[in-house]
Every structure is written in C-alpha cells, then in structure tokens.
Amino acid sequence: MSANVLELDDVRLALPSRHGDRTLLRGVSLSLAPGEALGLVGESGSGKSMTLRTVLRTEPPGARVTGRVLLDGEDVRLLGAAALRRVRAERLTMISQNPRAALNPVLRISRYLVEGLCDARGESRDEATRRARDLLARVGIADVDRCMDAYPHQLSGGMLQRVVIAAAMASSPRLLLADEPTTALDVTTQSEVMAILDEQRREHGMAMLFVTHDLELASAVCDRIAVLYAGEIVEIGTPAQLHSAPRHPYTRLLLDSRPSLTAKTAALPVIPGRPIAAYEVEGGCAFSGRCPWVAPRCSEGEVALVHDAGRATRCLRADELTAELAGPAVSEPAGEPVQAGETEETA
Amino acid sequence: MSTTAENVIEISGLCKQFTTGRGRKRRTVRALDDVSLTVADGSCLAVVGESGSGKSTLARVLVGLERADAGEVVLAGRPVAQRPRRAERRARARDVQMVFQDPSGSLNRRRTVEAAIGEVLAAHHRVTGSDARRRIDDLLDQVGLRPAHARALPGELSGGQQQRVAIARALAAEPRVLVLDEAVAALDVSVQAQVLNLLAEIRRARRLTYLFITHDLSVVRQVSDEVVVMRRGQVVERGSTDQVLDHPRHPYTVLLRDSAPRPGWRPRLSINSDISSDTAEAEA
Amino acid sequence: MSAETLARPAARRRGGDLAVWLGPLGIAAAVIIALITLAALFAPLIATHDPDIGSVVQRYQGPSAEHLLGTDQSGRDLFSRLLYGARTSLFGAAVVVLLAGGGGAVLALVAAWFGRNVDAFLGRVLDLLFAFPNLLLAILAVAVFGTGLAQVTIALAISYVPYTARVLRSVALRERRLAYVQAAELQGLSGLVVSLRHILPNIVPQILTGAAINFGYAMIDLAALSFLGLGVQPPTADWGLMVSQGKDSLLQGYPQQSMLAGTCIVVAVAAFSVIGERLGGRKAGGRA
C-alpha cells in the first residue's frame with residue numbers, strides 16, 4: 001500500500017480506428033503525493049488529456065486500456081459501476097476546459113450548487129444554501145446573490161469556471177483533475193481563475209493533476225511537471241529544474257520555441273517538423289525524428305524513463321547533453337541553421 | 001506613430017455597433033468606438049486585446065468582410081468604399097489579404113491546395129495553366145512546403161501545414177498588407193515558432209505591411225514594431241512595442257502584462273478589481 | 001487536443017470499407033435497389049409478355065410456366081406488368097427527389113449567402129408550404145392542371161422542397177460562416193461563384209442523404225396518388241395503380257395483384273430508407 005493519492009503504472013491505451021488499432025498512450029507511469037500538484041504538459045497528440053481520462057474512466061468508447069490506475073491504492077480500472085460512481089462523487093473532481101458543458105443551461109446556479117450539496121452530503125436545503133453561498137464567496141464572487149439567481153448563459157466564462165471550482169471544492173475531494181481549465185479564457189481571467197484554483201486547492205489540501213499545453217502556466221502552479229510527447233512521459237522535474245536545467249532535448253526546445261514576453265529574438269529556435277502521435281512512432285526514441293542532437297543509437301529500440309534524484313528523463317544522451325541543454329541558448333545544434341521555412345514532415 | 005514613411009493604412013474615427021436579441025433583450029455592443037490608427041509601409045502593427053475588445057472586428061472592417069457604421073479607411077492611399085462593388089472588392093484584395101485563426105476552417109476541405117491557390121492567382125492576375133503551376137510551386141516553396149503538397153486535400157495536412165497553405169494563398173494575390181487574425185493562436189508551440197519565423201521572413205523578403213491581431217503579448221514582442229492595445233472597442237494605449245510592454249501607461253495594459261504567464265510568474269487576483277470585473281462583464 | 005489535428009492519410013472510402021460501413025442490412029438494401037433498377041432498365045428484355053395486352057379469357061390465372069406470377073383481371077401478365085411498373089415508380093420518385101433536392105439546395109444557398117432579411121423571408125415562405133400536406137398539394141395541382149404523372153410529380157416535388165431546403169439551409173449556413181468562404185469572398189468573387197464552387201460541394205453529402213430518404217417517401221406518395229387515380233393513368237403499368245386495380249379482384253378471392261405490387265412498394269421503400277439512414281441518418285434532408 002502506498003501513501004500516494006494517485007499512481008499510474010504503465011498505462012497504455014489504444015483506440016480502434018478504420019486503419020486498425022491506434023496507440024495513444026505508450027506506457028505512462030506517474031505518482032502524485034497527497035496535496036501535490038503535478039502538471040501534464042504536451043502538444044497535440046501527446047496524450048495528456050487521454051492520461052487524465054483514464055483516471056476518470058471517461059476514455060472514448062472502444063478504447064482498450066492496460067496498466068493500473070491506483071487511487072489511494074485501489075485500482076479504478078477494476079471498479080464496478082456503483083463503486084466507480086462513488087469514487088467519482090467522493091474522491092475525484094474534474095474541471096474541464098468548457099464550464100458551460102458542466103452546467104445545465106436551464107437551471108439557476110443556486111439549484112446546481114444546492115442540489116449537488118444535498119445529493120452528495122445529505123444536507124438540509126437551508127444548510128446547503130448557506131454553504132453554497134459561502135463557497136461562492138470563497139472563489140471571489142463579489143455579488144453572491146446575483147450569481148445564485150443567474151442562469152449559466154448570463155455569466156461570463158470566467159465566472160462560470162469559478163462556480164465550477166466552487167462546486168468542485170464542496171466535497172473536499174482528495175484529487176482534482178483539471179483539463180486545460182483556463183484555455184478558453186482571456187489572460188486576465190485566466191490569471192484570476194488560476195489564483196483562485198491554486199488557493200482553494202491548498203486550503204483543502206487537494207492533490208491536482210493539471211493538464212495544459214502551457215509550460216509557463218504549469219510552472220506557476222505545479223510542484224512537479226511531466227512533459228509528454230507522443231503518448232509517453234519524456235521528462236519529470238520541478239518547474240525550476242526544467243527551466244534552469246532541462247534534461248530532455250524536447251523540454252529544452254519547447255521552452256525555447258515559445259516567444260518571450262521580455263526579449264525579442266532575431267529568429268525563434270524551432271523544432272523542425274510537427275508533433276507526432278503515439279501511433280506514428282516507429283521504434284526507438286519518439287522524438288528522434290525532430291531532435292537536433294539525435295545519434296544513430298537513438299533509433300535502436302525503446303528508450304527507458306530513467307529516474308534520478310526525484311527527476312526522470314527518457315533520453316539516451318541525457319548525461320552527455322546535460323551541460324549543453326542547460327546552456328544559455330541553443331544555437332543551431334545540428335550544425336546546419338534551422339530555417340524558418342523548415343518543411344514539416346508529410347504524414 | 002512613425003510619420004517619416006508613407007502610411008499604407010490610415011483608419012480614422014471607425015465605429016461599429018452590433019445589436020443582439022430582440023424586444024426587451026435587445027442590446028447594443030460597441031465593437032469599435034472611434035478607432036483611429038495608421039500603419040507605416042513595411043512595418044508591423046500588433047493589435048492586442050481580449051475577447052470583446054473589437055480587434056477582430058477592426059480586421060474584418062479593414063479587409064471588407066464587415067461594414068463600419070462611421071469612419072474612414074484609407075488603404076494604400078485610396079479611400080475604401082464602405083459598400084464596395086465587386087470590382088472594388090477585387091482591387092482591394094490586391095492590396096490587403098487575410099490569414100484566419102482556424103487553419104482547418106480557412107481551407108475548403110474538398111479542394112486541393114493547388115485549387116485553393118490557383119483560384120486566387122486566376123482571380124487577380126489571370127494566371128492559369130502551366131504559369132499557374134510554376135507560381136504555385138514557387139509560393140509553396142516560400143512557405144516551406146514541397147510541390148508534392150499541391151495535390152493534397154486540407155484533411156491530409158497538419159495544422160501547421162494548413163496555415164502555411166493559407167499564407168501562400170494570401171501571398172498569391174501579391175498584397176501590400178497582410179492582416180493576420182490570431183493566425184498562430186491555434187497552433188502547437190513548436191509549430192507556432194516555425195510559422196512566426198516564416199511570417200517574419202516573408203515580411204522582410206516581400207516588404208509587406210502586417211496588421212497582427214493577437215491576444216498574446218509574447219507574440220507581440222516577437223513580431224511587431226508598434227502595438228495598439230484595445231479594450232471594449234477603444235484604443236487605450238499605443239506606442240512602440242518596447243515602450244508599451246516595458247513601460248505601460250494604461251492600467252489595463254499593466255494588467256494584461258501582469259496576467260501573462262512567464263518564468264517566475266504567479267497567478268493572482270488583479271490589483272485593479274474595477275478593471276477585472278469589467279472584463280468579466282464584457283465576455284457575458 | 002486530439003489526433004484530429006494531426007496530419008493523416010486521406011479519408012477516402014475504399015471498397016472494403018464500404019461493405020463494413022453498410023453492414024449486412026445495408027448490403028441487402030443496396031442489392032435490392034440494384035435489382036429493381038436493373039429490372040426497370042431492362043424490362044423490355046426480361047418481360048415475357050406485353051404488359052398492356054391481355055385476353056379476358058386468361059383472367060385471374062395462377063402462376064404457371066406461361067405466366068410466372070399469374071394474370072390480372074384483364075388477363076395481362078403480372079410479372080411483365082411488375083417489371084414495367086418499376087419503371088414509372090422509380091422514374092417518378094427520381095424526378096421528385098431530383099427536383100426537390102435541387103430546389104432545396106438553391107433556396108438553401110440563397111438563404112445562406114444573403115442571410116438576414118432574405119433568409120427570414122424564405123423561412124416564412126417555406127413555413128407556409130409546410131402547412132399543406134404533400135398529398136393535398138398534389139391533389140390541388142391535379143384539380144388545376146389535370147391528372148397525369150407529370151403534373152403529380154411536379155406538385156409532389158414542390159411539396160418536398162421545404163423539407164430539403166430547411167435541412168440544407170442549416171448546413172449551408174454553417175459552411176457560410178467558415179473562414180474558407182470568407183477567404184473566397186475576400187478575393188472579390190461573386191456570391192454565385194462562391195456558393196457554387198465552395199459551399200455547394202460541401203453540402204453534397206447532405207443533399208444525397210436527403211435524396212435517398214425522400215426517395216422512399218416519394219414512391220409511397222406517388223403510389224397513393226396513382227391508387228386514387230390521379231397519377232399514372234391506365235393502362236400504363238404502375239405499382240400504385242396495380243394495387244388499386246387489384247382491389248376489386250381482392251374481394252373476389254384473387255389477391256395476387258394487390259399483394260405483389262404492394263410487396264414491391266414496401267420492399268423498395270424499405271431498401272431506400274435503409275440506405276438513406278446509412279448515408280447520414282434522419283439528421284439530413286429527409287421529410288418527417
């Protein structure tokens with residue numbers, strides 16, 4: 001029995017398609033301590049959202065999942081329907097990209113919150129109403145009365161996401177699953193929603209699995225970050241470690257290719273090609289096709305995720321490249337200048 | 001703004017209202033409220049703002065997809081008619097072209113890359129047949145695609161490749177101005193960097209003028225010489241990119257800058273609660 | 001964030017996929033439609049007798065080597081009449097579907113392109129047409145223009161237009177708002193060119209689906225009109241008319257004509273509706 005809230009052990013997922021089975025996750029393993037926030041960061045097709053969905057068991061119909069997903073030591077993949085409902089109601093909570101989809105458009109916010117509380121905790125209506133108002137006040141909603149009386153379409157996306165956060169906090173679950181909760185919001189609203197989410201999570205001592213494409217955003221609110229590429233984790237580390245001394249070339253290039261708010265560069269360092277999906281990997285390191293530091297041995301069989309002092313890296317050359325990857329700027333490491341018009345691979 | 005060079009875009013007093021709903025629920029939103037700006041030939045002006053700021057409406061009025069209620073647009077020295085005839089629209093298309101946000105939606109999924117670019121060539125330069133083929137290959141090369149991509153349908157391309165095709169299509173008209181409406185917002189980070197570099201290279205090579213609509217201040221820093229900050233249909237601040245981003249004067253610009261995630265950043269409730277509650281309302 | 005955004009090979013349908021996509025029921029329906037179509041096309045070659053000539057002496061015969069399915073009240077060969085009947089039934093329904101699909105598509109494109117007032121006006125007109133039951137409209141047309149397949153077919157086609165137009169309008173509107181249409185508009189291309197070159201090809205799947213579903217309904221409605229004596233006129237062979245003509249002999253204990261023609265109608269309609277549903281379900285372009 002482990003003390004971890006969540007443990008994923010070699011989770012693999014394949015989805016049947018017209019072209020045969022398509023692998024989307026190629027063995028994801030991670031652990032989340034109580035109260036810890038772990039960021040899952042990656043581009044399209046990296047499998048970050050799919051990883052989160054295996055925890056909730058909301059993967060697409062027909063998906064074949066192997067591996068273990070342990071929530072407090074109990075494998076959620078093996079739960080029966082009733083037990084799964086109980087887990088979802090009591091120990092897990094989810095915040096998704098679109099709060100509008102989470103709320104019934106014809107019910108007032110008050111009904112959504114109060115009924116949720118009554119159902120989940122068997123509270124009386126008066127008690128639940130009092131608590132709902134309290135929850136809304138805690139997520140920084142100034143005019144609680146107006147909000148309680150409103151229908152979802154009368155509120156902005158930022159307000160709705162706060163309501164969803166308030167509802168998520170109601171049962172103080174052990175684990176919060178957040179899937180790009182601020183991607184659809186404006187930056188100023190994103191900042192506020194993230195601040196509230198962070199504060200509430202800490203107050204309730206919740207662990208969080210935070211899925212995002214934004215490495216900077218994850219760095220600001222997570223204790224550790226797992227970088228995903230093509231359906232597997234390529235690096236795990238603290239935000240400080242990843243920023244000051246990334247150990248996987250992909251992490252380094254991902255950080256570099258994002259334009260900076262403070263300084264302009266003549267040309268952004270680019271990763272040639274496009275992000276590939278797990279089913280497009282052809283043996284060897286998944287990133288080898290785009291990696292400027294690629295060596296012949298990189299394409300000779302699978303690369304293991306090597307754990308070392310709280311960090312993990314999936315790169316054969318991690319040790320040789322340590323200094324170079326932590327260096328100031330990656331200047332045309334392949335010897336040949338990386339062109340702006342670099343052609344993407346054809347599928 | 002720069003007065004030394006000739007201005008290729010001059011917009012003055014632009015107003016545009018949208019009404020939604022009927023009866024008692026009828027509401028008017030001021031998408032553009034007396035907007036004036038100029039863009040010097042060969043420069044890149046970033047228009048930055050959040051949803052509801054009117055930045056996209058500005059782009060759509062400029063290219064002629066939307067009609068302004070009042071105000072004047074002068075493009076390459078010619079005043080633009082607000083109810084243009086087809087010939088005028090066609091002439092305007094040779095001055096200004098647009099790249100849209102959604103790469104997959106901006107290409108007809110049943111027409112090949114070749115057909116998409118060829119249509120523009122035929123419409124504006126009467127280039128057809130083998131001449132068109134050469135021009136298409138040439139344009140594809142400029143955006144980093146191969147001649148083989150000409151026969152592809154949009155569904156066979158990645159998001160980044162689709163956006164490159166959209167850029168090639170815009171370039172086919174040989175415009176002086178390119179309006180980029182959140183043109184890199186839907187792309188993955190690694191692909192976004194490629195397209196940003198490509199756009200910078202094209203601007204240098206063709207001496208184009210860009211109007212770059214975006215919500216992303218990091219992108220603003222990377223691409224633009226000057227920036228205009230918009231909020232609720234109004235320009236709240238303008239100036240050179242460095243000046244606005246390093247020494248913002250308007251509290252809203254400060255808020256925008258402080259809200260952008262970056263190393264060492266922490267999310268926080270805004271200092272200026274008045275502004276933030278406004279933002280929430282504007283979205284509703 | 002999903003595999004959707006990745007580059008992928010063309011999703012063009014191949015033969016093997018087609019069979020999987022149709023399923024057993026769909027394959028059966030496709031085979032039935034193919035057989036009926038062949039029968040209609042090659043009726044003169046397959047038919048054993050002239051469908052319109054019979055001798056009263058041979059009336060009400062049972063199946064035999066000479067008359068495979070027996071004869072009707074006038075001694076005409078039922079097998080040959082069914083073959084020729086497929087011609088008028090299919091042809092009439094095809095014309096209805098073609099006109100209704102074409103008319104609906106044109107209205108949908110016009111509404112989507114101009115939007116606002118034009119769209120609202122067309123919406124009202126279609127609502128008005130909706131108020132008339134299809135058959136009533138056809139009967140009205142007969143009252144004005146006289147009986148006959150042509151009159152009935154055109155009237156029926158007009159009554160089908162609101163159904164196709166309504167569904168196609170919403171699809172066309174969705175396309176109209178996509179950036180590629182605006183990109184084309186920006187080039188100064190005319191509304192006609194943009195509508196035909198860009199929007200139309202993207203709503204073809206919905207047009208076809210609606211056509212397949214409506215085909216069955218059109219067959220039933222035409223058969224009903226022929227049954228009432230308003231559509232196809234005797235002695236021409238037509239399934240609906242055959243059901244009608246068989247009703248007297250039905251009472252005299254000779255049910256085969258009505259039964260056979262009725263079965264043909266039911267089987268054909270079922271086959272078309274199965275194909276229609278495979279093409280896109282009831283979402284697209286079908287009536288009711």
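A note on names: the letters A, B, ... follow the listed sequences, proteins ahead of strands, and every chain is numbered from 1. All values below come from the heavy atoms of this structure, side chains included, with hydrogens, waters and symmetry mates left out.
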*asked:* With a 6.0 Å cut-off (strictly less than), is the heavy-atom count around CZ of B:Arg257, excluding the residue itself, greater than 12?
replied: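 It does: B:Arg257 CZ has more than 12 such atoms within range.
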
Is there a donor-acceptor pair closer than 3.5 Å between any side-chain N or O of [X] and the backbone N or O of [Y]?
| X | Y | answer |
| --- | --- | --- |
| B:Gln194 | B:Gly160 | no |
| B:Thr241 | B:Asp225 | yes |
| A:Glu235 | A:Thr251 | no |

If I measure from the heavy atoms of chain B, does [X] come under 4.5 Å with its side chain, its backbone, both, or neither?
| X | result |
| --- | --- |
| A:Thr265 | both |
| A:Leu255 | neither |
| A:Ala142 | neither |
| A:Ala240 | neither |

Please classify the contact of [X] with chain A as side chain, backbone, both or neither, using a heavy-atom distance under 4.5 Å.
| X | result |
| --- | --- |
| B:Gln222 | both |
| B:Ser53 | neither |
| B:Leu256 | both |

*Can you pull the salt bridge (Lys or Arg N to Asp or Glu O under 4.0 Å) pairs that have at least one residue in residues 247-256 of chain B, sequence neighbours excluded?*
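For residues 247-256 of chain B, and leaving out neighbouring residues, there are no salt bridge (Lys or Arg N to Asp or Glu O under 4.0 Å) pairs at all.
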
*Is a side-chain donor-acceptor pair under 3.5 Å present for B:Glu226 with B:Ser43?*
no

Look at [options] and state which one has the largest set of heavy-atom pairs under 4.5 Å with chain A.
| options | answer |
| --- | --- |
| B:Pro261, B:Gly264, B:Ala148 | B:Pro261 |
| B:Arg266, B:Gln192, B:His215 | B:Arg266 |
| B:Asp242, B:Asp216, B:Leu196 | B:Asp216 |

*Sequence-distant partners of B:Glu237, salt bridge (charged side-chain N to carboxylate O under 4.0 Å, His left out), two or more places apart*: none

